[in-house]
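Following: one structure in structure tokens, then a few remarks.
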Number of protein chains: 2
Amino acid sequence: MLTAQVAHVYSLVGIHHGMTQAPLTTRELIIAAAVDLFYGEGVRGVSMDAIAARAGVTKRTLYYHFVSKDELVAAYLAARDQPTLATFMRWLDETEGGLSEKIEGMFQRVARAAGHPKWKGCGFLRTAAELVNTPGHPALKAGALHKKRFEEWLTSLIAADGLDDAPLRARQILVLLDGAMSVIMVHRDPAYAEAAGQAAAAIVKSKA
Amino acid sequence: MLTAQVAHVYSLVGIHHGMTQAPLTTRELIIAAAVDLFYGEGVRGVSMDAIAARAGVTKRTLYYHFVSKDELVAAYLAARDQPTLATFMRWLDETEGGLSEKIEGMFQRVARAAGHPKWKGCGFLRTAAELVNTPGHPALKAGALHKKRFEEWLTSLIAADGLDDAPLRARQILVLLDGAMSVIMVHRDPAYAEAAGQAAAAIVKSKA
DNA sequence: GTCTATAGCTTGATAGAC
DNA sequence: GTCTATCAAGCTATAGAC
């Protein structure tokens, strides 16, 4: 069980994606614990004590590496940025067909992922929801940056397919994706991703 | 300023929507304070002390009317259910044109509302995001019930217009609406509601 | 039904040794 | 860089008087 835990940690920080497998630094260990706990229970529901215990360090060490909890929350989202993008890129790649089929396949993969008991919605949206009353919070900036990158990736996909109005279509698909994850979080019903996927596919097909 | 505060309170609990204007009971005062603070700062970011102080009662009185904070959070969302539905119904009614124009107008009203400094996304989604790690929480049930009612309302609208596949179209529009509110919360950019509104209008126009 | 007062615990962050 | 120990403040919830 401790072995599985460690494997999970490696997966969460994206270490095994073609990188050298050096042992985790203390900082990486802390971020891995933060990713696990903040995503699982919400950033306001997790104490610095809990993070330190999960990481196997003392709070003093934790505060040596991160000046405050706010900075650690921001580091949590920054650590999830590229791995999250890579996951969606992989989901798109692994679907056969043209762009509309690939987009719809991406939504189906979201539906499947949402069935796992550990799935708890989009960590970026959930963190933004918790911290929206503190403008300027570093984690809000990290979350907004990720969503912008995601939207840019969608735009480039659509433009590469030769479609006009790529920025608008990408924006609509992003809204459908974030909406699907939000509503599934509420109802625990993956069918919303299927419905959203059909709408997204139609957006990529229309007008030409 | 205290007067404006009280007016706001009346608006939030929906007392002035054609009801008699009896003075607020203590319970209603507490719920009004909860609505204000929980929506503004998040349910985990607001203490029972803060609610009591805002309501002008002691904590002992607060716990006389609500057995726990969890129940008060659920009461907050239950209090927002009908007023929220009424607001969206009004936004739809106030837009001229056919159903697709009305739906798009509803999204434009969301965009406008999101420009107000006090707007902080969808309170139901934000509360779900905070409490998703506590399955069975009474507030999660209240939030899910509201979203179901909203979806049913959209379904009835679309069916009344003579369109086929009303449940699917309603579901897609709900996802677009919740997605728009989520992404606007992240970027503070109402343009996402415009893009989502166009997609929603297209969904109501297609196929016949 | 509302009050004053407080129990019992957890929080984010820090002091100072090594 | 990591440790033990701890602070001052905040938290949910309750005791008991009126």
Side-chain angles (χ1 to χ4, degrees), chain A residues 6 9 13 22-77 127 130-131 133-140 142, chain B residues 9 13 22-77 127 130-131 133-134 136-140 142:
Chain A
V6 171
V9 157
V13 292
L24 290 182
T25 64
T26 300
R27 185 188 165 89
E28 288 168 333
L29 253 175
I30 292 170
I31 289 182
V35 164
D36 226 21
L37 291 175
F38 283 153
Y39 178 74
E41 305 174 33
V43 299
R44 267 175 159 155
V46 174
S47 68
M48 292 296 262
D49 293 74
I51 302 271
R54 171 66 69 101
V57 300
T58 64
K59 254 197 302 186
R60 200 68 186 84
T61 299
L62 204 168
Y63 276 99
Y64 172 81
H65 289 280
F66 297 92
V67 68
S68 67
K69 182 178 180 180
D70 289 345
E71 291 299 330
L72 182 56
V73 175
Y76 145 55
L77 290 189
T127 303
E130 289 197 74
L131 303 180
N133 66 316
T134 57
H137 193 296
L140 291 179
Chain B
V9 157
V13 292
L24 290 181
T25 64
T26 301
R27 185 187 166 89
E28 288 169 333
L29 253 175
I30 292 169
I31 290 182
V35 165
D36 226 20
L37 291 175
F38 283 152
Y39 178 74
E41 306 175 34
V43 299
R44 268 177 159 152
V46 175
S47 69
M48 293 296 262
D49 292 75
I51 302 271
R54 170 67 69 99
V57 301
T58 63
K59 254 192 304 184
R60 199 68 185 85
T61 298
L62 204 167
Y63 276 99
Y64 173 81
H65 289 281
F66 297 91
V67 67
S68 67
K69 183 178 179 179
D70 288 345
E71 292 298 330
L72 182 56
V73 174
Y76 145 56
L77 290 188
T127 303
E130 288 197 74
L131 304 180
N133 65 317
T134 59
H137 193 295
L140 291 179

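Just so it is clear: chains get the letters A, B, ... in the order the sequence lines come, proteins before strands, and each one is counted from 1.
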Distance (rounded to the nearest 0.5 Å) between B/H137 NE2 and B/E130 CD: 10.0 Å
Nearest-Å distance for atom pair CG/C1', residues A/L62 and C/dT11: 14 Å
Quick one: which of D/dA13, C/dG12, C/dT2 gets closest to the side chain of B/T61? C/dT2
Could you check if a side-chain atom of A/V57 sits within less than 4.5 angstrom of a side-chain atom of A/H65, using non-hydrogen atoms only? no
Roughly how far, to the nearest 0.5 Å, is CD1 of A/I30 from CG of A/L24? 11.0 Å
Is the shortest side-chain N/O distance from B/Y63 to OP1 or OP2 of D/dA13 below 4.0 Å? yes
Tabulate protein N/O versus nucleotide N/O from nucleotides 16-18 of chain D, keeping only pairs under 3.5 Å, one per line.
unit_1: D/dG16; atom_1: O6; unit_2: B/R60; atom_2: NE; d: 3.0

B/Y64 OH to D/dA15 P, straight-line distance once rounded to whole Å: 16 Å
Identify which nucleotide among D/dG1, D/dT4, C/dT2 has an atom closest to any side-chain atom of B/T58, counting heavy atoms from C-beta outward. C/dT2
Going by heavy atoms closer than 4.0 Å, what residues in residues 40-53 of chain B are next to DNA chain D? B/V46, B/S47, B/M48, B/D49
Heavy-atom check, side chain of A/V73 versus side chain of A/F38, under 4.5 Å: yes
Interatomic distance where NZ belongs to A/K59 and C1' belongs to C/dG12 [whole Å]: 7 Å
Which residue in the set A/K69, A/R54, A/K59 passes salt bridge (charged side-chain N to carboxylate O under 4.0 Å, His left out) when paired with A/D49? A/K59
Starting at atom CD1 of A/I30, determine the distance to atom P of D/dG1, rounded to an integer number of angstrom. 12 Å
A/A55 versus A/L29, closest heavy-atom pair with distance: CB-O, 4.0 Å
Sub-4.5 Å side-chain heavy-atom contact between B/L37 and B/Y76: no
Atom-pair distance (CZ on A/F66; C1' on D/dT2), nearest Å: 15 Å
Can you list everything that forms a salt bridge (charged side-chain N to carboxylate O under 4.0 Å, His left out) with A/D70? Sequence neighbours excluded, please. none
Using whole Å, report how far CZ of B/F38 lies from C1' of D/dT12. 12 Å
Write down the atom of B/T127, the atom of B/A139, and the distance for their closest heavy-atom approach. CG2-CB, 4.3 Å
Rounded to whole Å, how long is the line connecting atom CG of B/D70 with atom C1' of D/dT12? 10 Å
Spacing between B/L37 atom CG and D/dG10 atom P, to the nearest angstrom: 16 Å
Where the side chain of B/H65 is concerned, which of D/dT12, C/dA13, C/dT2 is the nearest nucleotide? C/dT2
Would you indicate, yes or no, if D/dG1 has its OP1 or OP2 atom less than 4.0 angstrom from a side-chain nitrogen or oxygen of A/T26? no
